[in-house]
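All chains are named by letter (A, B, ...) in the order of the sequence lines, taking the proteins before the strands, and each is independently numbered beginning at 1.
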Amino acid sequence: MTRGKAVEVFNVSKRFGDYQALDHVDFTIQENEFFTLLGPSGCGKTTLLRMIAGFETPSEGAIVLFGQEIDRLPAHKRHVNTVFQSYALFPHMTLAQNIAFGLENLGWDKPRREVRVAEMLELVHMTAFASRRPDQLSGGQRQRIALARALAPEPKVLLLDEPLSALDLKLRQAMRDELRALQRQTGITFIFVTHDQKEALDMSDRICVLGQGRVQQIGTPAEIYEEPENRFVADFIGETNFLDAEVIALDGARARIRTPLGLEFDAAQKGLSGPGPATLSLRPEKIGLQEQATGNVLTGTIRSRNYMGGYTHFVVETGGASLRVSRRNAVSQAESYAVGQEVRLGFRDESVRVLAR
Amino acid sequence: MSTAHNVRHYPGAGLVTWVFFLWLYAPIAVVIWLSFNENRLVSVWTGFSMKWYEAALSNRALLDALRVSLTVAVVATTIATLVALSAAMVLSRNETMRFRRLSETVVNLPLLLPEIVVAVASLILFSQLGFSNGMARLIVAHSAFCTPFAFLPIRARMQGMSRDYEEAAKDLYAAPFTAFRRVTLPLILPGVFAGAMLAFVISMDDFITSNLLATGGTTTLPVYIFGLIKQGTTPELNAISTLLIFASLIIATFALVLSARSMRRG
Ligand SMILES: Nc1ncnc2c1ncn2[C@@H]1O[C@H](COP(=O)(O)OP(=O)(O)O)[C@@H](O)[C@H]1O
Ligand SMILES: [Mg+2]
């Protein structure tokens, strides 16, 4: 299947006074894609979304929607809809009126509107609530109506600004699955904003990691997690151990490194230009303990143990470095490693990512 | 708020409250009581009577003054509210506007200037311009000093309203005016209503400006009542006052119910 380009963001910068909120952001979103903007609070995610929706204008650069430059198109003429973080349901209208609002503005006639509103209520399982007002709904129900209202006018692109952040944990998980299913079902391009890396990994086709107003990395969830391109991404997505190391030889994407722990091996690198100091990123679940210790093997002492249910997290001290190790509790054996115990630990070369310091 | 001190628990709070209400409402109670006095002399009670109400309601001059007051108040309120609404829209939705603080001060200035100064200035200006229609003079002047009173509640409501609603409307393809009519206006309506009520009451109540600008045939109610007092207080005056008190109560109740209702929806 060949897919067209839905949204192209060309070198967009945004300044508020002296403050640089976005700095030369550049990416392309494919049609039919579930694309996530992920980054810590204040990194400019909302600002970027608002520029696509038409509520802010870029200080520099351009945004193209389905081949059409939209910089001069006001918000109400862009065929893009938004699910607001606050939902922004109109409190003086019933849910049905809320959903019909966009359709009226587009000039749909009444019978067609009614069919579509019923369809949308059905889609989000809220048919029984058509004549209620927003203040009579729970957070989860409001979120569904906001979604239905934004989907009703059949937008080409749906923008979602942290739509799940106001929901409780259980509901959030259910809504993740529902949103994902909805995106597949409708085939609409979703641009989803979140600061929650788990949410992003779980739902997205591709993730754009934003940090300090810049694109840090764009890739599939697996690429972002397994092959982070810099320290920021490795740190922000999931947990990791950073270890100082020395690159002694560089050959394209591979580096020969020496660690203070006394190991020397080859590993994949990103962002280095020559021998010198570097950082290793090593995920806690990629370090094996005792009989699972393979590859580069060390010995260490367990300093702490946190039982997390499915996993147990250990901190193991080895040669002056503290390593976080997480071990799946497949059998209850993980429980048996005690604080103070000497253990063997090991990791394979492929588990290590060499990054600029 | 459970840790906050409840003022009611301070010693003497009850007493102070009662003294306060007595001080506020005793004169009003006396006026209402005396309006039913049969005797012409205020100080002598000779029995219950409704005759002063009859006299008041068949007094042509009084009814004319009431008509003038209502006309001026309704027209001035409408103008002031529209001006205030526009000003509030511009001032609270345009952060980057130049001279924003200055503009806001200009709108609110009539609140700070002594009314007598503005009234005299208006009188001089109108004379210079040869603007002599009494009713029109009153309407222009009232619209001007009522505007800040209408502005403040609208502005407050506007600032309390999340901008998300307007953006959501535009996101859903509403052109700017449609967004205003169908979303912004209904949501700030309680503020608009409160502003209009305030403007109306201020206009009805005004004495200084109306007294200076009024010409023959455009005597407002407060100016007329003042004229009556100069001839000495009469039970008829008490009856008029009592009627005004009840009219105000009815309007205030009505306003309260309406705004409570739209608040609940907003
Ligand atoms: N209208 C504005 N005026 C000034 N600064 C703003 C404005 N909007 C956003 N910012 C600033 O830009 C930065 C990015 O904001 P935002 O896009 O909301 O971040 P995010 O959604 O990633 O949390 C923040 O530091 C914020 O304070
Ligand atoms: Mg945000």
| said: Are Arg78(A) and Tyr173(B) packed together at the side-chain level, in the sense that at least one heavy-atom pair is separated by less than 4.5 angstrom? | reply: no
| note | Here the gap from Phe90(A) atom CZ to Asp164(B) atom CG, rounded to the nearest 0.5 Å, amounts to 10.5 Å
| remark: Value for CZ (Phe55(A)) from CD (Glu166(B)), rounded to nearest 0.5 Å, stands at 10.5 Å
| message | Under 4.5 Å from any heavy atom of chain B, what part of Arg149(A) do you find: side chain, backbone, both or neither? | response | both
| field | Nearest-0.5 Å distance that lies between atom CG in Leu172(B) and atom NE2 in His76(A) | value | 12.5 Å
| message | Please determine whether the number of non-hydrogen atoms from other residues, nucleotides or ligands lying under 6.0 Å from atom CZ of Phe254(B) exceeds 12. | response | no
| task | Side chain from CB out, backbone as N, CA, C, O: work out which of these in Ala179(B) comes under 4.5 Å of a heavy atom of chain A, or both, or neither. | result | neither
| query | Where does Leu103(A) contact chain B at under 4.5 Å (heavy atoms): side chain, backbone, both or neither? | reply | neither
| field | Residue pair Val183(B) / Met93(A): nearest heavy atoms and the distance that separates them | value | CG2-CE, 4.4 Å
| message | So for atom CD, which belongs to Gln136(A), do other residues, nucleotides or ligands contribute more than 12 heavy atoms lying within a distance under 6.0 Å? | response | yes
| query | Out of curiosity, Glu167(B) CD to Ser86(A) OG, how far, rounded to the nearest 0.5 Å? | reply | 9.5 Å
| remark: Rounding to 0.5 Å, atoms CD (Gln97(A)) and CZ (Arg182(B)) come to a distance of 7.5 Å
| Is the side chain of Asn81(A) donor-acceptor paired with the backbone N or O of Asp171(B) at a distance under 3.5 Å, no angle test? | yes
| request: Working to the nearest 0.5 Å, report the span between OG of Ser162(B) and OH of Tyr87(A). | output: 14.0 Å
| request: Measure Gln85(A) against the heavy atoms of chain B and call it side chain, backbone, both or neither at under 4.5 Å. | output: neither
